[in-house]
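Shown next, in structure tokens, is the structure this report addresses.
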Amino acid sequence: MRQKRVSLRGKLVRDAMKNMMDTAMGHKFQTGEYRMNPVEPAWICPEDYEYEIVDMDRFKMEYLRPAEVCTGRVILQLHGGGYIGPMKNIYRDFAVQYSKRSMGGDVLTIDYRVAPEYPYPAALEDAVEAYRWLLEEKRYAPDKIIVAGDSAGGGLALALLLYLRDHGIQMPAGLITMSPWADLTCRGESHQTNFDRDPQFGGTKDNMLYDSAYIGDADPTDPYLSPLFGEYHGFPPVLMQVGSEEVLLSDTLTVADKLRKAHGRLRVSVYDGMFHVFQMGLRLIPESQEAWEEVSVFLHTIYGIRRRPAGKQVRMVKSGRRVQGERIAARARRKTGRQG
């Protein structure tokens with residue numbers, strides 16, 4: 001656990017979410033009503049960034065880069081949304097966060113194909129194609145690429161790395177997951193223990209987690225679909241974050257246990273009292289701020305970024321000429337005193 005006490009703001013946001021996510025809204029998510037009619041204001045790119053939409057054959061990507069800065073670092077972001085939701089403004093804000101916290105890294109976020117129109121393996125195929133684009137088209141070095149994803153995007157990120165390893169494609173330098181949906185069978189222990197506690201997916205099975213349209217005709221225990229069933233040897237360093245109230249808590253803990261058994265380099269943080277992808281709170285709640293600071297530390301460690309401490313005080317040192325002048329003046333004062 002990271003936080004032992006839940007902040008007042010965290011409680012307020014969690015309770016507000018629980019009141020909002022009733023059965024009717026869950027049904028609308030499951031049927032795709034909200035997905036088909038997204039209502040968002042136009043996203044405004046920060047002044048000091050360049051923003052480009054990249055058209056692939058089957059999907060689009062959004063490429064965010066700091067203006068006039070080239071670090072060679074890049075984060076491949078895989079957004080959440082239960083495999084039925086498209087790219088949203090919050091992930092554009094996430095992209096800015098990843099760029100700033102990697103000290104000027106580029107960020108590629110893919111608007112991969114989603115169900116029900118495009119079931120498995122469409123999202124995985126798009127993620128693999130985007131990763132190859134970074135390697136082959138943009139010539140990023142694998143040790144400068146970090147894959148990050150939340151919710152369904154976190155599960156997709158895990159599946160992507162399983163696929164890359166199994167198919168002999170160079171692995172990225174690291175992986176970040178936030179509340180990953182790694183088990184589409186939804187049989188984990190926390191689906192029972194947190195059923196009445198999760199403010200977003202608790203209390204009902206009428207939501208996007210159950211009977212997922214993304215599964216299609218596939219076996220839901222296929223590791224490329226539900227990476228919880230995969231093996232985790234040969235993985236790069238991983239940062240996993242999750243809230244203690246989530247029905248998806250066991251998804252993170254089970255994958256983390258497999259990583260440990262495979263002797264993987266892992267940091268897993270369970271934030272007490274927190275809900276699904278609480279990092280969306282950005283600066284609104286303390287737990288979200290702490291989680292993003294943890295992301296910063298992970299990115300700096302993987303990329304070998306060393307920052308000088310700000311505001312370091314330097315002790316005043318007298319120069320040789322000044323010291324000599326003070327000694328002459330002191331002798332003159334003593335001599336004057338004797339003559340007086």
Side-chain angles (χ1 to χ4, degrees), residues 17 21 26 29-30 32 35 77-88 90-91 94 110 112-116 118-124 126-127 147-163 175-195 197-202 204-216 218-230 232 238-259 268 270-271 274-280:
M17 181 179 294
M21 299 298 296
F29 273 121
Q30 189 180 52
R35 173 182 64 85
Q77 180 182 204
L78 304 174
H79 69 76
Y83 294 108
I84 62 172
M87 176 73 171
K88 291 184 176 294
I90 187 62
Y91 295 110
F94 271 28
I110 69 172
Y112 53 84
R113 292 170 294 162
V114 296
Y118 301 101
Y120 172 82
L124 178 60
D126 295 349
V147 177
D150 73 287
S151 193
L156 182 58
L158 290 165
L160 172 63
L161 265 67
L162 290 173
Y163 182 94
L175 171 65
I176 299 170
T177 67
M178 298 176 177
S179 305
W181 187 19
D183 178 11
L184 272 67
T185 70
C186 297
R187 296 173 186 166
E189 179 184 358
S190 55
H191 280 270
Q192 285 74 47
T193 58
N194 281 351
F195 185 73
R197 299 172 61 185
D198 189 319
Q200 186 166 348
F201 298 121
T204 178
K205 292 187 176 181
D206 193 10
N207 58 50
M208 67 175 70
L209 295 183
Y210 296 90
D211 301 317
S212 171
Y214 181 61
I215 296 174
D219 178 358
T221 64
D222 183 335
Y224 295 156
L225 178 58
S226 293
L228 177 140
F229 297 98
Y232 283 85
V238 180
L239 170 64
M240 305 188 79
Q241 297 176 335
V242 68
S244 69
E245 304 294 290
E246 300 190 48
V247 295
L248 296 181
L249 172 62
S250 55
D251 290 39
T252 288
L253 298 182
T254 303
V255 171
D257 186 57
K258 286 194 168 188
L259 278 162
V268 56
V270 180
Y271 284 76
M274 285 295 99
F275 44 87
H276 188 63
V277 197
F278 63 93
Q279 295 86 343
M280 287 186 180

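Here the structure is a predicted model, which means the values were calculated and not measured.
To the nearest 0.5 Å, atom CG of residue L248 and atom CZ of residue F201 are 6.5 Å apart. Interatomic distance, OG1 of T185 versus CG of D251, reported as 8.0 Å (0.5 Å rounding). Of the inter-residue distances, the one linking E189 atom CD with L253 atom CG reads 9.0 Å to the nearest 0.5 angstrom. Rounded to the nearest 0.5 angstrom, Q200 CD and H276 NE2 are separated by 5.5 Å. We find the CG-CG distance between L184 and D219 to be 11.0 Å, quoted to the nearest 0.5 Å. In this structure, CG in D198 is found 10.0 Å from CG in L249, a value given to the nearest 0.5 Å.
Not a single donor-acceptor pair under 3.5 Å links the side chain of S226 to the backbone N or O of L228. Looking only at distances, no side-chain donor or acceptor of E246 sits under 3.5 Å from a matching main-chain atom of S179. Proximity of a side-chain donor or acceptor of Y91 to a complementary backbone N or O of G80 within less than 3.5 Å is detected.
Scanning all heavy atoms of the two residues, the minimum distance from E245 to P199 falls at CB-CD, 4.5 Å. Between G155 and P180, the closest heavy-atom pair is N-CB, 3.8 Å. Closest approach of S250 to V247, counting heavy atoms only: OG-O, 4.3 Å. Considering all non-hydrogen atoms of both residues, L124 and Y214 come closest at N-OH, 3.6 Å. The shortest non-hydrogen separation linking F229 to P223 is O-CG, 3.8 Å. Contact record, L239 with Q241: CD2-NE2, 4.1 Å, taken as the closest heavy-atom pair.
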Verdict with reasoning, Y120 to D222, per side-chain hydrogen bond (donor to acceptor under 3.5 Å, both in side chains): CA-CA 10 Å; Y120 172 82; D222 183 335; 3.2 Å; yes
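A 4.5 Å side-chain heavy-atom check between F278 and M178 finds every atom pair outside the cut-off. Using a 4.5 Å heavy-atom threshold, the side chains of W181 and M208 count as separate. Using a 4.5 Å heavy-atom threshold, the side chains of L259 and V255 count as touching.
Under the ring-ring contact (aromatic ring centres under 6.0 Å, His included) criterion, Y163 pairs with H167, Y224, sequence neighbours left out. Listed by chain and number, the residues in a side chain to side chain donor-acceptor pair (under 3.5 Å) with Y83 amount to none (sequence neighbours excluded). For the ring-ring contact (aromatic ring centres under 6.0 Å, His included) test, residues two or more places apart in sequence or in another chain that qualify with Y112 are H79.
Relative ring orientation between H191 and Y210 is described as perpendicular, the plane-to-plane angle rising above 60° on a 0-90° scale split at 30° and 60°.
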